[in-house]
Structures are given as C-alpha cells and as structure tokens.
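Here's the structure we're looking at; comments come further down.
Residue numbers start from 1 in every chain, and the chains themselves are labelled A, B, ... in the order their sequence lines are given, proteins ahead of strands.
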There are 2 protein chains.
Amino acid sequence: MPDSAKPLALNPRRNIAREVLLSLRAEIISGQLQPGDALAEPVLAKQFGSSRAPVREALIELEREGLVQFELTGRTKVRTLTEQDFDEIRDARVALESLAARRASAKWAPKDSAYLEQNIAQQAKASTLAELSRLDVEFHEYVLRLTANKRLLTLWQSIRWQFEMCLASTHRLQETLACKPHQITVSSHRHLLAALASGKPEVAAQKMALHIEGSMEWTPSETSTADHPHGLATETFRR
Amino acid sequence: MPDSAKPLALNPRRNIAREVLLSLRAEIISGQLQPGDALAEPVLAKQFGSSRAPVREALIELEREGLVQFELTGRTKVRTLTEQDFDEIRDARVALESLAARRASAKWAPKDSAYLEQNIAQQAKASTLAELSRLDVEFHEYVLRLTANKRLLTLWQSIRWQFEMCLASTHRLQETLACKPHQITVSSHRHLLAALASGKPEVAAQKMALHIEGSMEWTPSETSTADHPHGLATETFRR
DNA sequence: TGGTTTTAAAGTGTCGACACTTTCATTCAA
DNA sequence: TTGAATGAAAGTGTCGACACTTTAAAACCA
C-alpha cells in the first residue's frame, strides 16, 4: 500500500508528556499555580485525563527547569523563589549571556541589527507588561542563538523559565505601581544593541553583563521570604 | 511502638532509577558503551533486572547530560561527540567558569588556596590519566562550589559528564602517545591558582578562560566525524 | 479538654501489559 | 540478480495495579 506521499514524514508519536509539561509550565508562570502548591501525580493525571507516567515525566522536566521542587519525602511542590534565588539567576544569566554577546558580536551581520531593532520597536509599542517581557526574552534568545552553540543555548534555556517566573511575579506587583516604564527597558536594549553591533566583542560582553544586572533589580515580592532549605537539585534524581 | 531513635531518619525510598543512571553513565564514560551503541529500554531493563520505568528515567537524565541522544524515531543511542561538540563544551565551560572564577576570587580565603594546592600536589603524583583528570575536575568543581551559587553549579554539572566523556576518550588515545604530560596540567593549574588567589577578580576570570581554552585543544578522536545531525535537544522532550 | 495512639487516605516508586510504530529479514515479482 | 512487498521481531508511549511510605484525620485514654 504505497500511501499518498509519505517520504520522510515520520509519524509524530503521541506525546502527552509534552502537553502536560507545557500546560503546567504555563500555569506556574502565569501564577495560576502558586509557589508552594502541591503537585501530586495522581491528581494531575486525573486532571489531564492521562495516566501518571506522562505527568511524572513532565514533573521531572519542570524540576530541571527549576519551576518545581522535590521534597525529601518525594512530594512535589511549585518552587518558591527567594531573593537569593533571584540573585543566582541573574548571575547565571550574566555568565551565559556575556559570553554569548562576545561570540555573537564577533560574527555580527546587518540583518541581526535589523531584527533586533524591529524587536525594540515592538517593545516601544507593547501595551502590556507580559508582551514587553515576551519581547525582552526574545531579544536575548536571539543573541544566544546567534552564537550557534547548542550547549550555550541549552544551558540558557534551562534557567529561562525561572527567569520568566521572576519576571511574571514582579510584574504582578508592578502592574499597579508601574514603577518601571517601557522607556527604561527600550533605551537599555537600544544601548545594548549598539554595543553588540559595535564590532568590539569585549565591549559587547561587558555591556551585556551591565544590562542584565541593571534589568534584574530585586523588588520585594509577595512570596514569603520563607526559610525553605533552598534545595535546587544539585544531586541527580528526586530527593 | 516508639522505635529506637527515629527522629528525622527519613526512610530512604528505593531508587532503582538512580542506580541505573550511575551504572550507565560509568559505562559510557569508561568507553564500555561506545558512541552509537543502541540503548533499548527493554534490554537494559532486563540487564538491570528491573522494569522499564526506572531505565526510562535514567535515559532521560542521560540525555539532559548530553551523553545520550534521542533519535527522531524515539530510539536512543550513546552520543557521538564531534570536534564541533568539543568546541561547544569548551565555550560553555569558559562562560560558566570564568564567572565562577570572578566570584570565587572576590571571596577567596586562605583555606581555598590550601585545598587547591593539595589538589595540585596530588596531580603531580598521579599515576594514571584517569586519576589526573579526576583531580582536574575536582579542582574546577571546587571553584564552582565556592561561588555558593547553586544554579551556576547545576549548569556546570549538566555539561560536566560530556566534558568527562571528552577527557576519557582523548585519554584512551593519549595513554599510548603520552603527548600531554602531567607537568603541563600541573603548572597550568598552579598559574590559575595564583590568579584566583590574587584578589583581582578580573584577572582570575581571564586566566580561567585561558586555562580552559589551553587545556581543551581538540585531538583527533577515534570516533568517526560522522554526519549525524548534531541534535542536542534544544526542544524539550524526546524526538 | 488535651495529648497520644490508631486508622484510613493520599502519594510515590516500580511493575507488567497493550497498542502502535519502526526495523529488519524474508519472500515474492520482474 | 535485483528490487519491492510482506511479515515478524523489537521498541516506544502510555496505561492501570500493587507495595510501601507519608500525611491527615479519627479514635482513644486520661
């Protein structure tokens, strides 16, 4: 049976685990699931109408992304981010992105400036903080991708969601306060872009570090500065 | 039944998955499992006398560590590292470790120099390349831990095994050639230590970058420079 | 009533099974 | 003899179940 044109189509295998992952991640970042909330495999499985296996896989991935925390008892909770976590994430970004800036700057092309200028233009027009931060992340991801270093990108992606969680939670406070207007973000990216396109890798790297440090000032959050033991899995596997 | 002293003992839950992980990782790094070798869940499960569930978890973790590769068909193989992979790993290390050096240098204490000097002394006495590289990794991990940044450490650990795979495979070639004697490694670490202890974070960071670049020169490996599509999972989940 | 013990509910780690897909060797046609 | 069709074997993604542990509530005694 010579099927109608099926040369390399590769039947996509079903992947409930991925759907669960995306769904849970979105709920955590949006704040629908709050830090400290319990994530029990059986109840999630029932919610998603699946068995526990895909849920379990999704939870393991979320733990690696830092959005979820395995207790020593084996139970799973939505992670609570403290000020120290915030600092760590900033530092990790500085490490990865300043090297990315150095490498990207060395192979800069006009189209890169064009793309990022367009991104900044959209930032200026953004009407919500959510949209603004989406564009912010896109800007930085673009630089990461420019390096064409898959590992650098993978490492960055593995803290990306924690970063977005920080962004979203501070935004939930600032939405009313409006204490950090678009203008700052926009002009900061404009300066950064200039450095990236300057053809001086050292300068680009340094400006990137400053940009990140400037954009990630800690704002007191609604999350309790609880005394939880801070257990980002440094050892492999649960518990 | 007031059990004899059981205050916070926390019964360790069984964890076959971890044993499988450690075992497979060791086999891959030692070369017992060669790049390209198939890793089928049912056969591994039979080998370990377990079911597929723990094996599956271990494979997912190994994929995140970069030692294993999921094909688009869902099959799993031991990863083949090419020269480009080697370069990427080096660059990722530069990113993470030069920042680590900067931060560690800023909070340097005499005991840190003492510990690392002892490490170097052991390097000088090392009788096998395997032992030498164990000490090498320990040196660098110590600097990472000094930063007290769990995320930086986690990121570093997530490429650590790929790095060790590189080391081991080049060592398997050099064991006979002996083209990179201890002395180079030892003196390189000695200079690095001096920079770390110098109290100048900028210098420490720069020296660390140079040290890593110098220590990771590509040596043509036995692994075919195959035309495999290089798929380090940039998207979440298998396939 | 207050504190301790008992008991049930909830949850994790693992298991074996099923459905479907891919792979590979064999058969068949040209 | 070579190449396409076919069938069985192997493999993945998911499922429901079981044993054991932890958690919470209920029962109990003082």
Side-chain angles (χ1 to χ4, degrees), chain A residues 1-24 33 36-63 68-78 231 233 235-239, chain B residues 1-3 6-24 36-63 68-78 229 231 233 235-239:
Chain A
M1 186 196 301
D3 263 355
S4 56
K6 192 188 166 192
L8 232 325
L10 248 329
N11 263 357
R13 295 166 157 272
R14 68 173 163 164
N15 204 335
I16 301 176
R18 173 180 214 115
E19 287 171 32
V20 175
L21 170 70
L22 296 178
S23 189
L24 283 179
L33 278 168
D37 282 1
L39 297 172
E41 292 173 11
V43 336
L44 293 175
K46 201 155 292 176
Q47 277 176 28
F48 287 103
S50 75
S51 81
R52 276 176 52 210
V55 171
R56 178 169 247 261
E57 264 179 48
L59 288 179
I60 290 173
E61 174 61 24
L62 285 170
E63 194 272 347
V68 141
Q69 187 169 16
F70 294 147
E71 310 286 298
L72 281 76
T73 60
R75 306 288 159 105
T76 309
K77 294 163 93 172
V78 177
E235 267 304 323
T236 40
F237 275 115
R238 318 190 128 208
R239 304 174 316 105
Chain B
M1 186 200 304
D3 263 354
K6 192 189 167 193
L8 233 326
L10 248 330
N11 262 356
R13 295 166 156 272
R14 67 173 163 164
N15 203 336
I16 301 176
R18 174 181 211 116
E19 286 172 31
V20 175
L21 170 70
L22 296 178
S23 188
L24 284 179
D37 282 2
L39 297 172
E41 291 173 11
V43 336
L44 293 174
K46 201 155 294 177
Q47 278 176 26
F48 287 103
S50 75
S51 80
R52 277 176 51 210
V55 172
R56 177 170 249 262
E57 263 179 48
L59 288 179
I60 290 174
E61 174 61 23
L62 285 169
E63 195 271 349
V68 141
Q69 186 169 17
F70 294 147
E71 309 287 295
L72 281 76
T73 60
R75 305 290 159 104
T76 308
K77 294 162 93 173
V78 176
E235 268 303 324
T236 39
F237 276 116
R238 319 191 128 207
R239 305 174 314 106

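Across all strands, A/L44 comes closer than 4.0 Å to no nucleic acid atom at all (heavy-atom distances).
Rounded to whole Å, atom P of D/dT14 lies 11 Å from atom CD of B/E41. At whole-Å resolution of the value, NZ in B/K46 and P in D/dT12 are 13 Å apart. D/dG11 atom P lies 14 Å from atom NZ of B/K77, rounded to whole Å. Taking atom CD of A/E61 as the reference point, atom P of D/dG13 lies 15 Å away to the nearest angstrom. Atom CD of A/E57 and atom P of C/dT12 are 15 Å apart (whole Å). Separating the CG atom of B/L72 from the C1' atom of C/dT23 is a distance of 16 Å, rounded to the nearest angstrom. Taking atom CZ of A/R75 as the reference point, atom P of D/dT23 lies 6 Å away to the nearest angstrom. In this structure, B/R56 atom CZ and D/dT12 atom P are separated by 8 Å, rounded to whole Å.
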Would B/L39 and B/V55 count as a side chain to side chain contact (heavy atoms under 4.5 Å, CB included) here? Give the steps. CA-CA 10 Å; B/L39 297 172; B/V55 172; over 6 Å; no
Starting from the C-alpha separation in whole Å, work towards a yes-or-no answer on side chain to side chain contact (heavy atoms under 4.5 Å, CB included) for B/V68 and B/L24. CA-CA 10 Å; B/V68 141; B/L24 284 179; over 6 Å; no
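The listed nucleotides are D/dT12, C/dT12, C/dT22; the one nearest the side chain of A/A40 is C/dT12.
Applying the side chain to side chain contact (heavy atoms under 4.5 Å, CB included) test to B/A17 and every residue at least two apart in sequence or in another chain returns A/F237, B/N15, B/P54, B/E57. Contacts of B/A40 classified as side chain to side chain contact (heavy atoms under 4.5 Å, CB included), with partners at least two apart in sequence or in another chain: B/P42, B/V43. Applying the side chain to side chain contact (heavy atoms under 4.5 Å, CB included) rule to B/E19 yields no partners; only residues at least two apart in sequence or on another chain are considered.
The two atoms that bring B/L59 and B/F70 nearest to each other are O-CZ, 3.8 Å, heavy atoms only.
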When you compare the protein's N or O atoms with those of nucleotides 15-19 of chain D, which come within less than 3.5 Å of each other, and at what distance?
from: D/dC15; atom 1: OP2; to: A/S51; atom 2: N; distance (Å): 2.6
from: D/dC15; atom 1: OP2; to: A/S51; atom 2: OG; distance (Å): 2.9

